[in-house]
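As structure tokens, the structure follows; a few thoughts come after it.
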2 protein chains.
Amino acid sequence: MPAYEITIGEASRRSGVKVPTIRFYERIGLLPAPARSEGNRRQFDDNDLNRLKFIRHARELGFDMADIRELLAMTEEPQSSCHDADSIAGRHLREIEQRIERLTALRGELQRMVEGCGHGQVCECRVIQILADHDNCRSDVH
Amino acid sequence: MPAYEITIGEASRRSGVKVPTIRFYERIGLLPAPARSEGNRRQFDDNDLNRLKFIRHARELGFDMADIRELLAMTEEPQSSCHDADSIAGRHLREIEQRIERLTALRGELQRMVEGCGHGQVCECRVIQILADHDNCRSDVH
DNA sequence: CCTTGCTCCTATAGCCGCTATAGGAATTAG
DNA sequence: CTAATTCCTATAGCGGCTATAGGAGCAAGG
């Protein structure tokens, strides 16, 4: 069967990647420029669709563009070692773990703030006080 | 005692906010434009320093600029109700909790990926497989 | 007094990963 | 045949900085 013509709108619906984002991915070279119809519309195929879904999934998992480029390149050489994929994922896992730790510490601080707030005046508000109390925390948070 | 002249560099060291970032905060109106010396250097005072520390702490806690503007405005009206500060912090706390949840789910998926990887070829790599397996997750992640 | 090297100044561009807008052209539905 | 929808390109903007270029001021050593 001949590949059924997939417009950008349909590719968007079927991949979960928004139309302008698909064009953006093409511009930055994450997605190969697809064929065009007579009227200059993009015509995607199943390969493109798979690539888009792959990208979306990786983005949902928080991989950045550089990582995704590497992972995509690997899928194109299925015989090569998966050591790199493993180490990208492992590094990312450690980053996520650190973010969870930081956010958990942060949640503690916010909980203390909100619980300590007596709902009175700003001058005795724990939320404001903690923010103004500058020497009790050093961490960077993202 | 007269306020000791604080240069931008010293303000940076003492607040933990980088020099270009201080200038940036001034430009976007988060920090009032300070007095200038004869040679056109910024001269900060203890008030500015406190404001910078407040901003840094709030940024570390992940508050965005709009929230920080509101919180700063509140500190200037200490008689007013702290209901708003409380609700900003509460809303932020809920956001953080959601981020923790998402990241925890994500960590699980990444752990499964990394553990499942047999360190062999890409064609049988679990990391790549999970990414290419498009229909097993719907969440948005930030 | 003069040079060296540091800090400071402004203005502008770039980062990431999109998202929005303007101003059209082509296709599709009724 | 028209009206609505989809598509096209190009460009600017978002948040929250960070980097760069091209100077000017200032403090310390020779």
Side-chain angles (χ1 to χ4, degrees), chain A residues 4-31 33-44 48 51-52 54-72 92 95 99 102 140-142, chain B residues 4-31 33-44 48 51-52 54-72 88 92 95 99 102 139-142:
Chain A
Y4 160 44
E5 287 177 17
I6 305 173
T7 66
I8 198 169
E10 206 180 325
S12 173
R13 255 167 273 125
R14 284 163 61 176
S15 67
V17 180
K18 288 180 190 160
V19 169
T21 307
I22 295 176
R23 290 198 274 248
F24 168 73
Y25 286 162
E26 181 186 325
R27 263 215 328 281
I28 65 171
L30 215 56
L31 196 68
R36 297 289 183 123
S37 74
E38 289 214 349
N40 200 33
R41 269 90 195 287
R42 288 171 179 82
Q43 290 174 310
F44 296 95
D48 298 319
R51 208 172 164 95
L52 275 174
F54 186 103
I55 296 169
R56 195 197 53 142
H57 196 179
R59 289 291 303 134
E60 281 172 357
L61 287 170
F63 288 97
D64 64 20
M65 297 320 224
D67 285 345
I68 293 176
R69 261 177 230 276
E70 278 200 73
L71 292 167
L72 279 169
H92 189 55
E95 282 166 14
R99 267 154 77 185
R102 282 199 230 104
D140 286 328
V141 174
H142 288 249
Chain B
Y4 161 43
E5 287 176 19
I6 305 173
T7 67
I8 198 170
E10 207 180 324
S12 173
R13 255 168 273 124
R14 282 162 62 177
S15 67
V17 180
K18 288 180 192 159
V19 169
T21 307
I22 295 176
R23 292 197 273 248
F24 168 73
Y25 287 163
E26 182 186 324
R27 265 215 327 279
I28 65 170
L30 215 57
L31 197 67
R36 296 290 183 125
S37 74
E38 289 214 349
N40 199 33
R41 271 72 194 299
R42 288 173 180 81
Q43 289 174 310
F44 296 96
D48 297 320
R51 208 172 163 94
L52 275 174
F54 186 103
I55 296 170
R56 194 196 54 139
H57 196 179
R59 288 293 301 135
E60 281 173 358
L61 287 170
F63 288 97
D64 64 21
M65 297 321 224
D67 285 344
I68 293 176
R69 260 178 231 276
E70 277 199 72
L71 291 168
L72 279 169
I88 290 174
H92 189 56
E95 282 167 15
R99 267 155 76 185
R102 281 199 232 106
S139 62
D140 288 325
V141 174
H142 292 247

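Chain letters run A, B, ... following the sequence lines, proteins first and then strands; every chain starts at 1.
With rounding to whole Å, B:Phe63 atom CZ is found 17 Å from D:dG16 atom C1'. For B:Ile22 and C:dT10, the CD1 to P distance is 13 Å, given to the nearest whole Å. Counting to the nearest Å, the P atom of D:dC8 and the CD atom of A:Gln43 are 10 Å from each other. Going from atom CZ of A:Phe24 over to atom C1' of D:dT9 covers 16 Å, rounded to whole Å. Protein atom CD of A:Glu38 is 12 Å distant from nucleotide atom C1' of C:dA26, rounded to whole Å. For B:Arg13 and C:dC6, the CZ to C1' distance is 11 Å, given to the nearest whole Å. Here the P atom of nucleotide D:dC14 and the CD1 atom of B:Ile28 are 12 Å apart, to the nearest Å.
Distances shown here put every side-chain N or O of A:Lys18 at or beyond 4.0 Å from the OP1 or OP2 atom of C:dC18. In this structure, B:Ser37 does not reach the D:dG25 phosphate: none of its side-chain N or O atoms is under 4.0 Å from OP1 or OP2. Residue B:Thr21 has a polar side-chain atom (N or O) positioned under 4.0 Å from OP1 or OP2 of D:dT18. Considering only side-chain N and O atoms, B:Thr7 lies nowhere under 4.0 angstrom from the phosphate OP1 or OP2 of C:dT7. Considering only side-chain N and O atoms, B:Arg23 lies nowhere under 4.0 angstrom from the phosphate OP1 or OP2 of C:dC8. Taking side-chain N and O atoms only, A:Arg36 has a distance below 4.0 Å to OP1 or OP2 of D:dT9. One finds no side-chain N or O of B:Tyr25 lying less than 4.0 angstrom from the OP1 or OP2 phosphate oxygen of D:dG16.
Looking at A:Arg41, its side chain has no donor and acceptor atom pair within 3.5 Å of the base of C:dT27.
With values rounded to the nearest 0.5 angstrom, A:Leu52 atom CG is found 5.0 Å from A:Ile22 atom CD1. Once rounded to the nearest 0.5 Å, the distance linking CG of B:Leu31 with CZ of B:Phe54 reads 13.0 Å. To the nearest 0.5 Å, atoms CG (A:Asp64) and NE2 (A:His92) are separated by 8.0 Å.
Of the possible polar contacts, none joining the A:Arg41 side chain to the A:Ile8 backbone as a donor-acceptor pair under 3.5 Å is found.
Nearer to the 5' terminus of DNA chain C, by closest-nucleotide assignment, is the contact made by B:Gly9 (compared with the other of B:Arg27 and B:Gly9). Judged by closest nucleotide on DNA chain C, B:Val19 is the one of A:Asn40 and B:Val19 placed further toward the 5' end.
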* Asked: Given the rule in the side chain to side chain contact (heavy atoms under 4.5 Å, CB included) test, do B:Ile55 and B:Val17 qualify, once you have shown the distances and angles that lead to the verdict?
  -> CA-CA 9 Å; B:Ile55 296 170; B:Val17 180; 5.9 Å; no

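The pair B:Arg99-B:Glu95 does not count as a salt bridge, with every side-chain nitrogen at least 4.0 angstrom from each carboxylate oxygen. Using a 4.0 Å cut-off between charged nitrogen and carboxylate oxygen, B:Arg42 and B:Glu26 count as a salt-bridge pair.
Counting non-hydrogen atoms under 4.0 angstrom, A:Arg42 reaches the backbone sugars and phosphates but no base.
Using a 4.0 Å cutoff on non-hydrogen atoms, no part of residues 64-72 of chain A comes near DNA chain D.
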